[in-house]
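Report on the following structure.
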There are 2 protein chains.
Amino acid sequence: MQVTELVRPYRGVSAEDRRARRREQLLEACLDAVAASGVADTTAEAICGRAGLSKRYFYESFADREAVLVAALDRLFEAVRTAINTALAGTTGRAADRIERTVSALVAAISADPRAARLYVEAPRHRALEQRRALAFDEFTQLLVERVLDVDPHDARARTAALLVVAGTTEVLGRWLAGDVPLGEAEFVQTIAGIGLALTAVGSG
Amino acid sequence: MQVTELVRPYRGVSAEDRRARRREQLLEACLDAVAASGVADTTAEAICGRAGLSKRYFYESFADREAVLVAALDRLFEAVRTAINTALAGTTGRAADRIERTVSALVAAISADPRAARLYVEAPRHRALEQRRALAFDEFTQLLVERVLDVDPHDARARTAALLVVAGTTEVLGRWLAGDVPLGEAEFVQTIAGIGLALTAVGSG
DNA sequence: GCCTTTTGATACGACACCGTTCCACTTTCG
DNA sequence: CGAAAGTGGAACGGTGTCGTATCAAAAGGC
């Protein structure tokens, strides 16, 4: 129920704005918590504590702790999606060029917010997050096959190989972000792009 | 303390054998539980119930639920290790041949026990399991670089690319086992091996 | 047959997180 | 000022799991 029959501005902000601001605070606090303690320890209480809001407002914006994590992860995917689309926008070059642009945009987008990056890396810690990430893998695989490589989108081999590269990129990216890969960003991107380029030969193989 | 001062055979088996048998039952029950309900729901109680043993014997053999999961996962890695070493034992052929043998042995070893395969796929659900799997990735990456491909083991690019393939293989293998990849085993192995072969060209850039 | 080990099952206290509810306090508005 | 909406924090009951302790019955040794 909880019909908002009588609403009133508070401290000069409308009810709607206050609500939106709280939701935003919770999402930010969620990322902070993930960055500080990992997905597993990101409880509703931890998020509320960091946000400076009580649990009441948590459940105002999210059904449960899963919901806020999924929302934060989806926001990251949206950023990656946008970055890649922008990078591919005016490309007329060869596959090698498009691959490097794509990988570069991905790495930059994920690196932009290390907090979200940890969420991305640790997504498999939680079932719902893992499923979201699996969908994102599918989406990026689709993008790779259709818009970056010049291969038949219905070739199961090509799709499988592309998925392998997408998933493998996630793993090495996580390690690179953790500082475990002794490569600069350019070299790192080139290395991944090099594997991606090999995909163009797999479908017909 | 609990010094085994006075031990006695029971139902014709020595104390030591009974203990070992119980441990084995628990490990098997652990795999059953993982296969049935996933890693997250594989609790100490669930394992004991399936094993037909009380919690007392669970804590006789394992410190906590993490320990039994790690033990089960390590056992799987050992099987994979052995399978790959066997496959590579008498090879004198080219890299392409060694790669296909390796991938084939890996796929066969994991497919051999679908219960353990789910444990392998869902390992990131738990911190300790994830770490073990990360170590296994490193080990298999090392093996790939040193014994399968002919690349410089100190080349960071080559190592990174090999890690990408190892991790990516895990993901597609999980999907293949779930029936989500429309490829027969031979085709599937060849597809992965095809990507692996591309690694021979990455190191030199 | 009596005593001890072994076993299986249950009960227990502790803890953590969940999602809700309650309450005292602040701010708005008439 | 006083009534009503908004806020923050704490308390609560519920659930699930942990790891330990307890106890009666089954099985072996003498």
Side-chain angles (χ1 to χ4, degrees), chain A residues 1-26 29-30 33-34 36-70 125-129, chain B residues 1-26 29-30 33-34 36-70 125-129:
Chain A
M1 299 310 163
Q2 179 69 8
V3 186
T4 50
E5 307 180 64
L6 289 168
V7 289
R8 219 167 33 188
Y10 200 81
R11 292 187 195 271
V13 241
S14 75
E16 200 178 343
D17 285 356
R18 292 198 308 274
R19 199 183 139 105
R21 179 178 300 183
R22 285 192 294 258
R23 188 188 151 90
E24 195 56 36
Q25 286 178 327
L26 288 165
C30 177
V34 167
S37 323
V39 167
D41 291 343
T42 296
T43 68
E45 261 113 1
I47 295 172
C48 291
R50 286 180 179 274
L53 292 171
S54 72
K55 285 207 282 182
R56 177 144 69 103
Y57 295 112
F58 182 89
Y59 291 106
E60 172 196 53
S61 285
F62 302 100
D64 47 32
R65 113 192 164 106
E66 180 175 305
V68 65
L69 287 166
V70 168
R125 192 62 52 83
H126 192 283
R127 184 175 299 270
L129 297 179
Chain B
M1 300 307 164
Q2 177 69 10
V3 188
T4 49
E5 307 181 63
L6 290 167
V7 288
R8 207 160 52 184
Y10 199 81
R11 291 187 195 269
V13 241
S14 76
E16 199 179 345
D17 285 356
R18 293 198 308 273
R19 201 183 138 103
R21 179 178 300 183
R22 286 191 293 259
R23 189 188 150 91
E24 194 58 36
Q25 286 178 327
L26 288 165
C30 176
V34 168
S37 322
V39 167
D41 290 342
T42 296
T43 68
E45 259 113 1
I47 296 171
C48 291
R50 286 180 180 273
L53 292 171
S54 72
K55 284 208 283 181
R56 176 144 68 103
Y57 294 112
F58 181 89
Y59 291 105
E60 171 196 54
S61 285
F62 302 99
D64 47 31
R65 113 193 164 105
E66 181 174 303
V68 65
L69 286 166
V70 168
R125 194 60 55 82
H126 191 282
R127 185 174 298 269
L129 297 179

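Owing to the predicted nature of the structure, the values given are computational and were not obtained by experimental measurement. By convention in this document, chain letters (A, B, ...) are assigned in the order of the sequence lines, proteins followed by strands, and residues within each chain are numbered from 1.
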Atom OH of Tyr57(A) and atom CZ of Arg21(A): how far apart are they, to the nearest 0.5 Å?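 Nearest 0.5 Å value for the OH-CZ distance: 13.0 Å.
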
Working to the nearest 0.5 Å, report the span between CG of Leu53(B) and CZ of Phe58(B).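 Leu53(B) CG to Phe58(B) CZ: 11.0 Å, rounded to 0.5 Å.
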
Which protein N or O atoms sit under 3.5 Å from an N or O of nucleotides 17-19 of chain C?
from, atom 1, to, atom 2, distance (Å)
dC18(C), OP2, Ala44(A), N, 3.2
dG19(C), OP2, Tyr59(A), OH, 2.9
dG19(C), N7, Lys55(A), NZ, 2.8
dG19(C), O6, Lys55(A), NZ, 2.8

Just checking Arg19(B): base, sugar-phosphate only, or nothing, at a heavy-atom cut-off of under 4.0 Å?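 Nothing: the residue Arg19(B), judged by heavy atoms under 4.0 Å, touches no strand.
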
Nucleotide [N], atom [atom2] - distance to [atom1] of [X] in whole Å:
{"X": "Leu26(A)", "N": "dT7(D)", "atom1": "CG", "atom2": "P", "result": "13 Å"}
{"X": "Arg56(A)", "N": "dT26(C)", "atom1": "CZ", "atom2": "C1'", "result": "12 Å"}
{"X": "Tyr57(B)", "N": "dT6(C)", "atom1": "OH", "atom2": "C1'", "result": "5 Å"}
{"X": "Arg18(B)", "N": "dT7(C)", "atom1": "CZ", "atom2": "C1'", "result": "9 Å"}
{"X": "His126(B)", "N": "dT17(D)", "atom1": "NE2", "atom2": "P", "result": "13 Å"}
{"X": "Leu69(B)", "N": "dT17(D)", "atom1": "CG", "atom2": "P", "result": "14 Å"}

Check residues 38-48 of chain B and write down every donor-acceptor pair under 3.5 Å in which the side-chain atom is one partner and the other belongs to a residue at least two apart or another chain.
from, atom 1, to, atom 2, distance (Å)
Thr42(B), OG1, Val34(B), N, 3.4
Thr42(B), OG1, Gly38(B), O, 2.7
Thr43(B), OG1, Glu45(B), N, 3.4
Thr43(B), OG1, Ala46(B), N, 3.0
Glu45(B), OE2, Lys55(B), NZ, 3.0

Residues which pass side chain to side chain contact (heavy atoms under 4.5 Å, CB included) with [X], listed by chain and number, not counting sequence neighbours:
{"X": "Ala67(A)", "value": "Phe62(A), Asp64(A)"}
{"X": "Ala20(A)", "value": "none"}
{"X": "Arg19(B)", "value": "Arg22(B), Glu60(B)"}

Can you name the residues that form a side chain to side chain donor-acceptor pair (under 3.5 Å) with Glu24(A), not counting sequence neighbours?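 For Glu24(A), the residues satisfying side chain to side chain donor-acceptor pair (under 3.5 Å) (neighbours in sequence not counted) are Arg75(A).
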
Compare the minimum distances between each of dC22(C), dT7(C), dA9(C) and the side chain of Arg22(B), then state the nucleotide with the smallest one.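 Between dC22(C), dT7(C), dA9(C), the one nearest the side chain of Arg22(B) would be dT7(C).
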
Please list, chain by chain and in numerical order, all residues satisfying salt bridge (Lys or Arg N to Asp or Glu O under 4.0 Å) with Arg125(B), sequence neighbours excluded.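 Salt bridge (Lys or Arg N to Asp or Glu O under 4.0 Å) list for Arg125(B), sorted by chain: Glu130(A).
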
Axis bend over the full length of the helix from dG1(C)-dC30(D) to dG30(C)-dC1(D), computed from five pairs that close each end, to 10 degrees: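 Rounded value for the end-axis angle: 10°.
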
